[in-house]
There are 2 protein chains.
Amino acid sequence: MDICRQVGLNVQRIRRTRGWSQEQLAFESGLHRTYISGIERGARNPTITVLKELADALGVPASVLLESDAAAVDEEGTIAPIRSS
Amino acid sequence: MDICRQVGLNVQRIRRTRGWSQEQLAFESGLHRTYISGIERGARNPTITVLKELADALGVPASVLLESDAAAVDEEGTIAPIRSS
DNA sequence: ATGTGACTCTCAGTCCGTA
DNA sequence: TTACGGACTGAGAGTCACA
């Protein structure tokens with residue numbers, strides 16, 4: 001699994017958990033809407049500062065965005081991976 | 001604490017735990033020696049693919065390199081944060 | 001063995017559209 | 001609301017000589 005794709009999936013998953021659109025995340029993070037789209041699709045290769053900005057906007061530690069999926073996001077105790085429901 | 005500086009400190013700490021020089025890490029990761037130097041000093045803003053290459057060379061998950069220091073690196077059970085000794 | 005400035009070239013990141 | 005394309009500017013990738 002490519003790292004860009006991995007990050008994209010994590011961003012998308014957490015964003016949806018927040019109930020946000022890409023535009024809202026773009027606003028919160030100060031990044032461009034189309035760039036968020038590119039990142040979620042794994043088409044972009046963001047820098048660590050951008051990763052940090054996304055993480056801050058999403059309210060999670062940056063390291064979470066790099067994790068190999070599966071593992072539930074437990075930190076902050078609020079994310080949890082949408083098991084049905 | 002700036003994220004670039006943070007990553008730099010993590011890379012340096014783990015590299016030293018391995019007993020490697022910057023040149024050795026450069027060889028293992030396929031990156032240039034002076035580039036490694038720039039990253040460890042927090043002078044560079046690497047992309048996540050570069051971060052992944054470093055993490056692979058160091059034998060740790062990429063997310064570890066973003067962690068806010070302090071916290072011992074427990075994953076893989078091999079790093080542990082050089083408490084004196 | 002490492003820090004640093006300067007350099008080239010690729011791509012990160014923005015903005016315009018259309019579907 | 002999102003995917004995706006093209007075009008653009010600034011910043012990162014990657015390297016070197018020198019300290």
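A, B, ... follow the sequence lines: proteins, then strands. Residue 1 opens every chain.
Contacts of B:Thr34 classified as side chain to side chain donor-acceptor pair (under 3.5 Å), with partners at least two apart in sequence or in another chain: B:His32. Taking B:Asp2 as the reference, nothing meets the side chain to side chain donor-acceptor pair (under 3.5 Å) condition, with sequence neighbours excluded.
Here the C1' atom of nucleotide D:dC4 and the CD1 atom of A:Ile36 are 16 Å apart, to the nearest Å. As rounded to whole Å, 17 Å separates atom C1' of C:dA12 from atom CD1 of A:Ile3. In this structure, A:Glu40 places its CD atom 8 Å from P of D:dT2, rounding to the nearest Å. In this structure, the CH2 atom of A:Trp20 is 13 Å from the P atom of D:dT2, given to the nearest Å. The interatomic distance linking A:Arg41 (CZ) with D:dT2 (P) rounds to 12 Å, in whole Å.
Between the CG atom of B:Asn10 and the CZ atom of B:Arg5 there is a distance of 10.5 Å, given to the nearest 0.5 Å. Here A:Leu51 contributes atom CG and B:Leu66 contributes atom CG; the two are 6.0 Å apart, rounded to the nearest 0.5 Å. Taking CG of A:Leu65 as the reference point, atom CG of A:Leu58 lies at 6.5 Å (rounded to 0.5 Å).
For the pair A:Ser37 and D:dA3, the criterion of a side-chain N or O lying under 4.0 Å from OP1 or OP2 is met.
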Exercise. Any chance you could list the contact pattern along nucleotides 9-19 of chain D? Use B for base contacts, S for sugar-phosphate-only contacts and - for none, protein heavy atoms under 4.0 Å, 5' to 3'.
Key: ---SBBBBB--
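Within 4.0 Å of A:Gln22, counting heavy atoms only, lie sugar-phosphate atoms of the nucleic acid but no base atom.
For the pair B:Gln12 (side chain) and B:Leu9 (backbone), a donor-acceptor distance under 3.5 Å is absent.
A salt bridge (Lys or Arg N to Asp or Glu O under 4.0 Å) check over residues 37-54 of chain B, counting only residues at least two apart or in different chains, returns the pairs B:Arg15-B:Glu40, B:Lys52-B:Asp56. Listed by first and then second residue, the salt bridge (Lys or Arg N to Asp or Glu O under 4.0 Å) pairs involving residues 22-38 of chain B amount to none (not counting sequence neighbours).
Terminal axes of the helix from C:dT2-D:dA19 to C:dA19-D:dT2 (five pairs each, C1' rotation axis) are separated by 40°, to the nearest 10°.
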